[in-house]
J.: 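I have a structure I would like to understand better, so I am pasting it below and will then ask my questions one at a time.
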Amino acid sequence: VCFSKALLNVGEVEKPAEPPQTSFDRETKVIDFHYPNELLQMNNWELQDEPATLDDILISCRATLKYAIKTAHPRYFNQLSTGLDMVGLAADWLTSTANTNMFTYEVAPVFVLLEYVTLKKMREIIGWSDGRGDGIFSPGGAISNMYAMLLARFKMFPEVKEKGMSSVPRLVAFTSEHSHFSIKKGAAALGIGTESVICIKADESGKLIPADLERRILEGFVPFFVSATAGTTVYGAFDPLIAISDICRKYNIWMHVDGAWGGSLLMSRRHRWKLDGVERANSVTWNPHKMMSVPLQCSALLVREEGLMQNCNQMHACYLFQQDKHYDLSYDTGDKALQCGRHVDIFKLWLMWRAKGTIGFEAQIDKCLELSEYLYNKIKDREGYEMVAPVIKARMMEYGTTMVSYQPQGDKVNFFRMVISNPAATFEDIDFLIEEIERLGQDL
């Protein structure tokens with residue numbers, strides 16, 4: 001807190017071109033854009049042998065904030081991690097102050113217990129009886145998805161842990177053609193190979209087609225993993241989890257739900273129906289750092305079978321996980337992680353949950369969905385919405401007034417990919433975005 005005050009109030013330090021403003025001020029830019037070579041030339045970012053003065057350090061901090069993307073700005077809609085929650089920020093500061101590691105109860109007693117309590121609550125919300133099961137917080141959804149793939153392989157062929165892929169037959173995994181790239185990346189990292197990930201056709205709304213899944217399962221090799229997506233990256237589609245679960249049970253295949261984006265809808269009584277059937281999954285990825293606006297990073301993998309993560313990943317390092325400690329060793333969670341050192345990601349989520357309550361998160365998520373519906377209704381019949389997205393995006397960044405991503409999908413050319421997860425956004429910000437897109441593209 002003292003440092004942040006110094007950042008704003010040191011009179012001797014050269015002032016930035018614009019006075020400090022709050023992240024929520026709509027009069028400020030979302031981005032003060034410069035091309036990379038310009039930004040390198042405008043500031044001295046080089047590391048030096050001699051220590052810098054406090055004034056120089058504060059100038060560097062000002063420059064960093066000045067040119068950083070204002071992801072908390074109500075008109076930033078570019079990617080999934082948006083908004084600034086002050087309780088979450090305070091929790092991040094406290095976590096850094098404690099500067100501990102999540103391997104054992106010995107070194108992180110409170111944080112280990114908070115992770116235990118929070119993961120149990122999340123499993124209850126998924127629908128697993130009494131919140132039983134397991135889980136861990138990981139660096140992001142891609143790692144959580146890879147954990148799920150690792151567990152599915154170990155569950156079917158536990159010998160692979162010691163003997164490697166040469167000890168098992170050719171394995172294949174299945175996921176939607178609209179799924180996140182992390183499924184293929186996980187297959188590559190685990191030695192399964194990207195060619196062993198079979199992409200299942202999706203319908204016009206982006207949902208996986210169960211009949212095509214079953215058809216591909218019957219084609220051969222050894223099916224071990226199906227990843228259904230709850231909130232696809234581009235369309236935001238929710239795969240039909242009940243139908244997928246029926247197929248997985250029929251052929252005894254691990255069912256994973258990648259709810260990195262859409263898993264937070266489980267907090268909403270109005271919208272959780274989109275994840276009907278999630279309780280049948282063997283594992284679920286859920287990223288509170290997305291729609292719940294928890295500061296990065298905060299991704300959870302929830303697992304239905306207790307003890308499987310430990311058996312799959314433990315290495316019994318005797319300098320950390322001694323078996324003759326004087327407390328319950330089940331709270332030494334580090335050996336079920338792929339990492340050794342693990343950042344404390346839990347406290348910001350736990351503290352925000354205490355501050356908002358479940359009903360507060362529910363209201364936040366309901367508002368995001370309400371804004372999404374409002375945007376859809378505003379543009380579906382609006383004339384002039386055949387646009388050249390990259391040119392408008394470039395102008396958008398140069399003006400710095402708002403930000404939204406774009407991309408192609410299949411046979412569709414570039415279109416804007418709108419993301420609404422910032423609790424500070426309003427209907428007026430949606431209106432502004434629509435008008436700004438038209439203004440920036442009126443001569444195209």
Side-chain angles (χ1 to χ4, degrees), residues 16-35 65-86 88-89 231 233-236 261 264 268 271 289-293 295-296 363-409 412-444:
E18 298 173 0
Q21 302 286 343
T22 69
S23 295
F24 307 107
D25 187 352
R26 288 168 176 81
E27 298 302 315
T28 61
K29 289 184 174 184
V30 175
I31 173 177
D32 187 353
F33 179 78
H34 293 79
Y35 288 97
L65 290 175
K66 175 177 170 59
Y67 299 114
I69 307 298
K70 311 304 186 292
T71 59
H73 198 291
R75 291 173 180 167
Y76 175 85
F77 303 105
N78 206 71
Q79 257 97 22
L80 306 182
S81 306
T82 68
L84 175 62
D85 186 277
M86 302 310 288
L89 177 62
T233 307
V234 180
Y235 283 6
W261 175 222
S264 295
S268 168
H271 297 289
H289 68 226
K290 291 182 177 172
M291 201 175 297
M292 292 167 70
S293 294
L296 283 165
Q364 180 176 314
I365 289 158
D366 286 349
K367 178 187 174 186
C368 289
L369 273 291
E370 186 179 9
L371 288 173
S372 178
E373 184 177 5
Y374 176 79
L375 171 64
Y376 173 77
N377 290 330
K378 288 279 287 190
I379 66 173
K380 66 178 180 179
D381 298 320
R382 193 178 181 107
E383 293 183 3
Y385 264 69
E386 295 288 335
M387 299 171 297
V388 186
V391 176
I392 294 176
K393 173 62 181 286
R395 293 177 180 179
M396 189 182 288
M397 293 183 69
E398 288 167 359
Y399 278 94
T401 51
T402 186
M403 257 180 102
V404 61
S405 184
Y406 74 86
Q407 74 165 73
Q409 177 70 45
K412 295 178 174 59
V413 298
N414 281 317
F415 57 89
F416 284 109
R417 174 193 169 205
M418 181 68 175
V419 174
I420 300 175
S421 61
N422 190 338
T426 64
F427 295 122
E428 289 75 19
D429 295 315
I430 301 296
D431 290 338
F432 176 86
L433 174 73
I434 295 170
E435 298 294 338
E436 188 69 349
I437 287 174
E438 290 189 354
R439 181 182 76 84
L440 295 172
Q442 61 185 347
D443 62 329
L444 299 178

J.: Just wondering, do M291 and L369 contact through their side chains at under 4.5 Å, heavy atoms?
T.: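 Yes, at least one pair of side-chain atoms sits under 4.5 Å.
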
J.: Residues two or more places apart in sequence or in another chain: which of them pass side chain to side chain contact (heavy atoms under 4.5 Å, CB included) with L296?
T.: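 For L296 the side chain to side chain contact (heavy atoms under 4.5 Å, CB included) partners, ignoring immediate neighbours, are S81, H289.
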
J.: If you take all heavy atoms of P390 and N414, which pair is closest and at what distance?
T.: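 Nearest pair, atom of P390 first, then N414: CG-ND2, 3.4 Å.
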
J.: Sort and list the pairs that fulfil salt bridge (charged side-chain N to carboxylate O under 4.0 Å, His left out) and have at least one residue in residues 397-407, not counting sequence neighbours.
T.: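 Counting only pairs at least two positions apart or across chains, no salt bridge (charged side-chain N to carboxylate O under 4.0 Å, His left out) contact touches residues 397-407.
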
J.: What residues, two or more places apart in sequence or in another chain, satisfy side chain to side chain contact (heavy atoms under 4.5 Å, CB included) together with S372?
T.: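 For S372, the residues satisfying side chain to side chain contact (heavy atoms under 4.5 Å, CB included) (neighbours in sequence not counted) are I420.
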
J.: Return the minimal non-hydrogen interatomic distance between T233 and R417, and the atom names on each side.
T.: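 T233 and R417 have their closest heavy atoms at O-NE, 2.9 Å.
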
J.: Could you list the residues that satisfy side-chain hydrogen bond (donor to acceptor under 3.5 Å, both in side chains) with S268, not counting sequence neighbours?
T.: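 For S268 the side-chain hydrogen bond (donor to acceptor under 3.5 Å, both in side chains) partners, ignoring immediate neighbours, are D366.
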
J.: To the nearest 0.5 Å, how far apart are CD1 in I392 and CD in Q442?
T.: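 One finds 10.5 Å between CD1 of I392 and CD of Q442.
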
J.: Please examine the side chains of Y399 and K29, heavy atoms only from C-beta on, and report whether any two atoms are closer than 4.5 Å.
T.: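 When only atoms from C-beta onward are counted, Y399 and K29 do not touch, as no gap falls below 4.5 Å.
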
J.: How far does CD1 of I437 sit from CZ of F416, to the nearest 0.5 angstrom?
T.: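 Spacing of CD1 (I437) from CZ (F416) equals 5.0 Å.
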
J.: If we ignore hydrogens and angles and just use 3.5 Å, is the side chain of S293 paired with the main-chain N or O of S421 as donor and acceptor?
T.: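 Yes, S293 side chain to S421 backbone: donor-acceptor pair under 3.5 Å.
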
J.: So, using side chain to side chain contact (heavy atoms under 4.5 Å, CB included) as the criterion, who are the partners of T71 when residues are at least two apart?
T.: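 Here the qualifying residues are I69, Y76.
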
J.: Quick check against the 3.5 Å criterion: does D32 have a side-chain atom that pairs as donor or acceptor with the backbone of G400?
T.: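 Such a contact is absent between D32 side chain and G400 backbone.
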
J.: Does any N or O in the side chain of K367 come within less than 3.5 Å of the main-chain N or O of A425, such that one atom is a donor and the other an acceptor?
T.: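 Flag set: sc K367 to bb A425 pair under 3.5 Å.
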
J.: Does any non-hydrogen side-chain atom of I434 lie less than 4.5 Å from one of L375?
T.: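 Touching, per the 4.5 Å side-chain cut-off.
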
J.: Which residues pass the ring-ring contact (aromatic ring centres under 6.0 Å, His included) test with Y235, not counting sequence neighbours?
T.: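 ring-ring contact (aromatic ring centres under 6.0 Å, His included) list for Y235, sorted by chain: H178.
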
J.: Applying ring-ring contact (aromatic ring centres under 6.0 Å, His included), can you list everything that pairs with Y67, at least two apart in sequence or on another chain?
T.: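 Partners of Y67 under the ring-ring contact (aromatic ring centres under 6.0 Å, His included) test: H34.
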
J.: Between H73 (side chain only) and T28 (backbone N and O only), is there a donor and an acceptor less than 3.5 Å apart?
T.: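 Between the backbone of T28 and the side chain of H73 there is a qualifying donor-acceptor contact (under 3.5 Å).
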
J.: With sequence neighbours left out, what residues match Y406 under ring-ring contact (aromatic ring centres under 6.0 Å, His included)?
T.: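 Y406 satisfies ring-ring contact (aromatic ring centres under 6.0 Å, His included) with no residue once adjacent residues are dropped.
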
J.: For K378, give me all partners under salt bridge (charged side-chain N to carboxylate O under 4.0 Å, His left out), at least two apart in sequence or on another chain.
T.: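 For K378, the residues satisfying salt bridge (charged side-chain N to carboxylate O under 4.0 Å, His left out) (neighbours in sequence not counted) are D431.
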
J.: Which residues satisfy the ring-ring contact (aromatic ring centres under 6.0 Å, His included) test with Y35, sequence neighbours excluded?
T.: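 If we apply the ring-ring contact (aromatic ring centres under 6.0 Å, His included) test to Y35, skipping adjacent residues, the hits are F33.
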
J.: Mind checking side chain to side chain contact (heavy atoms under 4.5 Å, CB included) for T402 and listing every partner two or more places apart, or none if nothing turns up?
T.: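 Scan of T402 (side chain to side chain contact (heavy atoms under 4.5 Å, CB included), adjacent residues dropped) gives R75, F77, M396, F432, L433, E436.
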
J.: May I ask you to test the T426-R26 pair for a side-chain heavy-atom distance under 4.5 Å?
T.: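 Touching, per the 4.5 Å side-chain cut-off.
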
